[in-house]
2 protein chains.
Amino acid sequence: MADNETTATSGRTATLSDVARMAGVSIATASKAINGRDDVAPATRQRVLDAAKKISFTPNELARSLINGRTGTVGLLTSDLEGRFVIPILMGAEDAFGAGQVNVFLCDARGDSIREQHHLSALLTRRVDGIIVVGRSTDPRPSLGHEIPVPVVYAYAPSVDPTDVSLTPDNREGGRMAVEHLIACGRSRIAMITGDPEYAAARDRVVGVREALAQAGLSLVGTPMFSEWSEHWGRDASALLLRQYPDIDGIVCGSDQIARGVLDTVRDLGRSVPADVAAVSFDNWEILATNSRPELTSIDANLQQLGRTAATRIFEAIEGTEVTPGVEYVPGRLVIRGSTIARR
Amino acid sequence: MADNETTATSGRTATLSDVARMAGVSIATASKAINGRDDVAPATRQRVLDAAKKISFTPNELARSLINGRTGTVGLLTSDLEGRFVIPILMGAEDAFGAGQVNVFLCDARGDSIREQHHLSALLTRRVDGIIVVGRSTDPRPSLGHEIPVPVVYAYAPSVDPTDVSLTPDNREGGRMAVEHLIACGRSRIAMITGDPEYAAARDRVVGVREALAQAGLSLVGTPMFSEWSEHWGRDASALLLRQYPDIDGIVCGSDQIARGVLDTVRDLGRSVPADVAAVSFDNWEILATNSRPELTSIDANLQQLGRTAATRIFEAIEGTEVTPGVEYVPGRLVIRGSTIARR
DNA sequence: CTGTTAGCGCATTCAC
DNA sequence: GTGAATGCGCTAACAG
C-alpha cells in the first residue's frame with residue numbers, strides 16, 4: 001500500500017536513460033526524439049516514444065530548468081487573506097500564461113512583512129521567472145526593491161515606487177461611471193455612502209463622483225459619508241441621509257455590502273428602489289449583488305482582466321520587451337441590474 | 001532599466017562556485033559552510049558567508065531538489081472557481097507545512113477534467129512531493145488513480161475510491177449540532193430549508209437533523225425543503241413554510257445565504273428572530289453571517305483545520321508513515337450569534 | 001578540516 | 001542519423 005509501482009521495471013520514477021536503454025539508443029537520441037527535434041529517424045523516434053509510454057516516463061522539469069535557466073513558474077505573493085481579490089487575479093494570470101505552461105506558486109503573507117520576506121526568498125530560491133504582488137487594498141504598498149533578479153509586477157495595490165510596474169483598478173473612472181449611469185437614469189439628487197476613508201479606493205471613487213457631477217452641472221447632496229465597508233453602515237448611513245435629504249433620488253454606494261444595507265433601509269422606510277431611489281455600488285460581488293431585492297447595479301473592477309494583464313507584463317519583461325514602469329489604471333465595467341433600472 | 005545587476009561581479013545570478021572562488025575555498029567547502037555543516041573551521045565559514053552575502057548568493061533549490069529527490073513543493077489541484085472553500089484550505093495547508101518550507105502550486109481546473117489532467121501532468125513533471133485535490137462540493141469525485149508516484153489527499157470532495165485518502169466536512173454531525181443547539185434554546189417545532197438536493201451536503205445535513213430530532217423525541221415540521229443555495233429561495237421557502245406551519249419556532253437553514261433570505265421574510269411577516277423563530281445555518285461565511293439583523297448562528301466547517309490535516313497527511317505519507325486510507329470526517333463547530341440567542 | 005571525484009536528469013555541441 | 005562528451009548548480013561520499 002505504501003509503495004507506488006510505476007508500472008515500470010524499477011521501483012523509482014523512470015528517467016530518460018531508462019527510456020534510452022529500453023529503446024536501444026543513446027540518451028541524446030532519446031532526448032531529441034522526445035522533444036520533437038527533426039534530426040531523428042522516424043523509426044527510431046517511434047521506438048523511443050513507445051518505450052517512454054510503456055514505462056510512463058515523465059520528463060523531469062527540474063533538470064530542464066537547471067539547464068535553460070527558466071522554470072516556467074511564477075510566484076503570486078499576496079496579503080489578501082480572504083482571497084476575494086486574489087482569486088480572480090490568479091485566474092486571469094493562469095489564463096494569460098496558458099494552463100499547464102506556467103505554474104503559479106501562491107504565497108499568502110497574511111499581511112506580515114516578515115512572512116512576506118520569507119516567501120520572497122523561497123520564491124527566488126526556487127527560481128521563479130517572475131513575481132506578481134497582490135495587495136489587499138488599492139493603497140500603494142512598499143516596493144520589494146530593485147535587487148530582485150526577476151521581473152515584478154504589482155497588482156491591485158500599486159507600488160509606492162514609480163519605477164516599478166503596477167496595475168490597479170481605476171476607481172476614479174469608476175466613480176464617474178456610477179454617476180453618469182445615475183444621471184442617464186434621470187437622477188439628479190445624488191448622495192454618496194462609502195467605506196473607510198483610510199482606503200484610497202474610498203477617496204478615489206468620491207473624486208470621480210464629484211467630477212462627473214460637476215460635469216453635469218450638479219453637485220453631491222450632503223457630504224460623502226465615510227465609515228466602514230459594512231451592511232450595518234449602509235443601513236445606518238442611509239437612514240440618516242434620507243431623513244436629512246428626503247428628496248434624494250440616487251445613491252452611490254462604496255461597496256455592494258454598503259448597498260445591501262442601503263436597500264434594507266430604503267425598504268424599511270417604505271420607499272422603493274429604483275423607483276424612488278436608485279442605487280449603484282462597487283465590486284460586483286455576485287453573491288451579494290444578485291441576491292438582493294432588487295439586484296444590484298454594480299461596477300466590476302475587472303480583476304480577472306487585471307490578472308491577465310499582470311501576467312502579460314511579466315511575460316513581456318521575461319522576453320526582454322521594454323515594459324514602461326508606472327501605474328497602469330485598469331478600467332472597470334458597469335453591470336446594470338435592478339437597483340437602477342426596474343425590471344419589467 | 002532592463003538589466004538587473006546583482007550587486008555582484010557578474011551580470012548573472014551568483015552561483016556557489018562564485019562564492020567559493022571569492023572566499024578562496026573549494027565548492028564543496030562553500031557548500032558545507034553555507035548549509036551549516038559542522039566540519040568547517042569557523043574562520044573559513046565566516047569567509048564563505050561574507051562572500052555569499054556580498055554577491056547576494058541565493059542557493060538554487062532546483063539543483064538541490066535534483067539531488068535529494070524532493071522539491072519541497074506540493075500541488076493544490078482545485079475545481080473551486082470561487083475560491084470560497086479552497087482559500088481556507090490553502091491557508092491551513094500553508095500553516096501546517098510551515099511558511100517558506102514548502103511552497104504550494106495552485107492550479108484551477110475550472111471543473112474541466114481535461115484541464116485537470118494537464119495540470120496534473122504539469123505538477124508531476126515539476127516533481128511536486130504531494131498533491132491535494134480540492135473539490136467544489138462534498139460529493140465524491142473521481143479518483144486520480146493510483147499510478148501517481150506521489151501521495152494524493154482529497155479534501156472537501158472525497159474520492160469515490162475508498163483506498164484513497166480523503167478528508168471531508170462532517171455534515172451529518174453538523175446537522176445534529178444545529179438541532180441540538182435549537183433544542184437547547186428551547187425550540188421544538190423545527191423545520192428545515194436547504195439547497196440543491198443533488199448535493200450530498202444538503203442531504204447529509206438533513207440526515208443529521210433528523211437523527212438529533214429523533215433522539216429528542218421530536219420530528220421535523222413538514223418535509224425538508226430542497227431547492228437552491230440562494231437568498232431568494234430562503235425568502236420564498238420560509239414564506240411558504242410559515243404560512244403552512246405558523247407555530248414553527250426554529251429553522252435549520254442549509255447555508256448562510258438561505259438564512260439571510262429567511263431572516264428577511266420572518267421580518268417582513270412581522271415576526272422576530274430569535275424571539276419567535278430561531279435560525280441556525282451552515283458555512284459561517286462571515287461576510288454574510290455577521291452583517292445580518294440579527295447576526296447568524298452558523299456551523300463553521302473548519303476548512304482551515306481540514307487544510308492543515310490534509311497537509312499533515314501528505315507529510316506523513318512522504319515520511320513513509322502508514323496513512324490509513326478512507327474518508328475522514330472533519331467535525332465542524334457551532335458559532336453562536338444573535339439568530340438563536342438574543343443579545344442583551 | 002579541506003579538496004577531489006562522482007553523480008542528480010537532462011540538453012546540447014560536435015565528431016563519427 | 002547517432003552517440004560520446006560536457007555541463008547546468010549543487011551535495012555526498014571519500015581521500016588527503
Side-chain angles (χ1 to χ4, degrees), chain A residues 6 8 10-49 51-52 55-73 124-129 149, chain B residues 6 8 10-49 51-52 55-73 124-129 149:
Chain A
T6 326
S10 70
R12 259 182 32 276
T13 33
T15 96
L16 188 57
S17 74
D18 296 335
V19 177
R21 195 175 330 110
M22 176 166 254
V25 297
S26 76
I27 298 185
T29 304
S31 170
K32 291 170 194 159
I34 287 185
N35 293 332
R37 304 286 296 262
D38 48 344
D39 38 359
V40 178
T44 313
R45 155 159 303 136
Q46 199 50 53
R47 273 213 321 288
V48 172
L49 259 35
I55 62 179
S56 63
F57 165 74
T58 314
N60 187 328
E61 187 62 35
L62 297 176
R64 285 183 152 155
S65 305
L66 196 53
I67 293 171
N68 65 26
R70 282 211 200 156
T71 55
T73 62
L124 293 179
T125 232
R126 296 200 192 290
R127 295 295 189 265
V128 292
D129 295 333
Chain B
T6 328
S10 71
R12 258 182 34 277
T13 33
T15 98
L16 189 56
S17 74
D18 295 336
V19 176
R21 193 174 332 110
M22 176 166 254
V25 297
S26 76
I27 299 184
T29 304
S31 170
K32 291 171 194 160
I34 285 184
N35 293 333
R37 304 283 298 260
D38 49 343
D39 38 0
V40 177
T44 313
R45 156 160 302 138
Q46 199 51 53
R47 273 214 321 289
V48 172
L49 260 35
I55 62 178
S56 63
F57 164 74
T58 313
N60 187 329
E61 188 63 34
L62 297 176
R64 285 181 161 163
S65 305
L66 196 53
I67 293 170
N68 65 27
R70 284 211 201 157
T71 55
T73 62
L124 293 178
T125 234
R126 297 201 191 291
R127 295 295 189 265
V128 293
D129 295 334

Tell me the interatomic distance from [X], atom [atom1], to [N], atom [atom2], rounded to whole angstroms.
X	N	atom1	atom2	value
Asn68(B)	dA13(D)	CG	P	12 Å
Phe57(B)	dG9(D)	CZ	C1'	8 Å
Lys32(B)	dA15(D)	NZ	C1'	11 Å
Ile27(A)	dG1(D)	CD1	C1'	18 Å
Arg127(B)	dG9(C)	CZ	P	9 Å
Arg45(B)	dC1(C)	CZ	P	10 Å
Leu62(B)	dC8(D)	CG	P	15 Å
Arg126(A)	dC10(D)	CZ	C1'	15 Å

- Query: Stepwise, does the side-chain contact (heavy atoms from CB on, under 4.5 Å) test hold for Leu124(B) with Thr13(A)?
  - Reply: CA-CA 11 Å; Leu124(B) 293 178; Thr13(A) 33; over 6 Å; no

Kindly point out which of [options] is positioned nearest to the side chain of [X]?
X	options	answer
Asn60(B)	dG9(C), dG9(D), dG3(C)	dG9(D)
Leu16(A)	dC10(C), dT2(C), dT2(D)	dC10(C)
Ile67(A)	dA11(C), dT13(C), dG3(C)	dA11(C)
Thr29(A)	dT2(D), dG3(C), dG9(C)	dT2(D)
Leu66(B)	dC10(C), dG9(D), dT2(D)	dG9(D)
Ala28(A)	dA4(D), dC10(C), dT2(C)	dA4(D)

With a 3.5 Å distance limit and no angle check, can you tell me whether [X] reaches the backbone of [Y] through a side-chain donor-acceptor pair?
X	Y	answer
Arg127(A)	Thr73(A)	no
Asn60(A)	Leu62(A)	yes
Thr125(B)	Pro59(A)	yes

Check this one for me: any side-chain N or O of [X] less than 4.0 Å away from OP1 or OP2 of [N]?
X	N	answer
Arg64(B)	dT11(D)	yes
Thr44(B)	dT2(C)	yes
Ser31(A)	dC10(C)	no

- Please list residues of residues 33-41 of chain B whose heavy atoms come under 4.0 Å from any atom in DNA chain D, ordered by number; otherwise none.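 The answer is Asn35(B), Arg37(B).
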
Do you know which two heavy atoms are closest between [X] and [Y], and how far apart they sit?
X	Y	answer
Arg45(A)	Ala33(A)	NE-O, 3.3 Å
Thr71(B)	Asp129(B)	N-OD1, 3.1 Å
Gly72(A)	Arg126(B)	O-NH2, 2.9 Å

